[in-house]
Amino acid sequence: CSSKYVLSALHPMWQGPLVAPGGNRQSPIDIRVRKSVFDPHLKPLTPDYDPGTCSQIWNNGYSFLVEYDDTTDKSILKGGPLEDNFRLCQFHFHWGESNAWGSEHTVDRRLFPAELHMVHWNSNKYRRFEEAVMEENGLAVIGVFLKIGKRHEGLQKLVDALPAVRHKDSVVEFTRFDPACLLPANIDDYWTYAGSLTTPPLTEAVTWIIMKQHIEVSHDQLAVFRSLLFTSAEEEVQKSMVNNFRVQQPLRGRTVRSSFT
Ligand SMILES: NS(O)(O)c1ccc(OCc2cn(-c3ccccc3)nn2)cc1
Ligand SMILES: [Zn+2]
């Protein structure tokens, strides 16, 4: 799902619009727990991922993407608020320069040091990610908050590969990584709302599914994320890849539903 020309769509992101013109379902947002509405019709989420579809890690000058072969329905997400099958195409993270901030969404204004996004597209309605990204509800993104604590054993294989993609535009082969190991133990408790991409093109295509339970990673593991660079090897001034999160957006009357009371 990575396309080289995406870089042009992505790269000028901080010069781009902070709110898409006329956007009334922009992301990220603050989740006000007491204002969320329990929806008893929300089903359990049923991710079914095949680690064999994992293909590479790419530093796109904004984050690092772990990309999956999304030419078949081998790694899919169903259930929860979703009516269709959604195919996993990549996951990435957002983080801060310090452990005090870094997440894009917040829970009652609480910031986390980082946030994982697992990006899926509707393979019942569209033929490829690039098509779905332009369509209302073409995408489903699972958000998982990261907290500093014990070392995340499953994440270490990814952390060890990051020095190979230190610079923007670098790619390294990365196989047999099971993204399910990054999900919290409890995936039945989540919030869901209609939103957008948090980077250009900021399209209002996303059904967000934000996990209530966080995962833990060690301080040292997150420090390796901060050793990545926004800049390519050729650029004379190297800039650390930190604070790659978007400012929060107005709720504009949207309802955030919860799968739990
Ligand atoms: N941070 S997030 O999870 O919200 C998130 C998730 C996925 C994103 O994809 C950007 C993108 C756009 N396109 C694109 C391709 C062809 C035409 C138009 C756009 N490709 N990748 C951005 C942010
Ligand atoms: Zn993201």
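Whatever order the structure lists ligands and atoms in, that order sets their numbers, starting from 1. Residues: numbered from 1 along the sequence shown. Given the structure is predicted, the values throughout are model-derived calculations rather than measurements.
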query: Is Val119 touching ligand 1 with its side chain, its backbone, both, or neither, if touching means heavy atoms under 4.0 Å apart?
result: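 Side chain only; the backbone of Val119 stays clear of ligand 1.
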
- prompt: Is it the side chain, the backbone, both or neither of Leu197 that has a heavy atom closer than 4.0 Å to ligand 1?
  reply: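 Answer for Leu197: both.
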
- prompt: Do the side chains of Ile29 and Val107 join up, straight or via other hydrophobic residues, at under 4.5 Å, putting them in one cluster?
  reply: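 Same cluster: Ile29 reaches Val107 through Ile, Leu, Val, Met, Phe, Trp or Tyr contacts under 4.5 Å.
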
Near [X], which atoms of ligand 1 are under 4.0 Å from a heavy atom of that residue?
X: Met134; answer: 18 (C)
X: Pro201; answer: 12 (C), 19 (C)
X: Val133; answer: 14 (C), 18 (C), 19 (C)

query: What about Glu130: any of its N or O atoms under 3.5 Å from an N or O on ligand 1?
result: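 Between Glu130 and ligand 1 (N or O atoms, distance only) the closest approach is not under 3.5 Å.
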
- prompt: Can you check whether Thr199 has an N/O within less than 3.5 Å of an N/O in ligand 1?
  reply: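 Between Thr199 and ligand 1 (N or O atoms, distance only) the closest approach is not under 3.5 Å.
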
message: My understanding is that only one of Leu162, Ile148, Leu155, Leu146 makes a side chain to side chain contact (heavy atoms under 4.5 Å, CB included) with Gln221; could you say which?
response: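 Among the candidates, only Leu155 passes.
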
task: Among Val119, Val165, Asn60, find the one that has a side chain to side chain contact (heavy atoms under 4.5 Å, CB included) with Leu65.
output: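 The passing option is Asn60.
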
message: I'd like to know if Trp208 contacts ligand 1, where contact means a heavy-atom distance under 4.0 Å to any ligand atom.
response: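 Flag set, Trp208 near ligand 1.
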
- prompt: Looking only at heavy atoms of His94, does any of them come nearer than 4.0 Å to an atom of ligand 1?
  reply: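 Judged by the 4.0 Å heavy-atom criterion, His94 does count as contacting ligand 1.
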
Spacing of Ile31 atom CD1 and Arg110 atom CZ [to the nearest 0.5 Å]: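 One finds 12.5 Å between CD1 of Ile31 and CZ of Arg110.
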
field: Sub-6.0 Å ring centroid separation between Phe225 and His94
entry: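 Between Phe225 and His94, the centre distance exceeds or equals 6.0 Å.
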
query: What about Trp208 and His105, are their ring centers closer than 6.0 Å?
result: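 Centroid separation for Trp208 and His105: below 6.0 Å.
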
field: Donor-acceptor contact below 3.5 Å, side chain Asn122 vs main chain Leu139
entry: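 A pair under 3.5 Å: no.
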
- request: Output the atom name for the N/O/S atom of His117 with the smallest distance to the Zn ion (ligand 2).
  value: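 In His117, the heteroatom (N, O or S) nearest the Zn ion (ligand 2) is ND1.
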
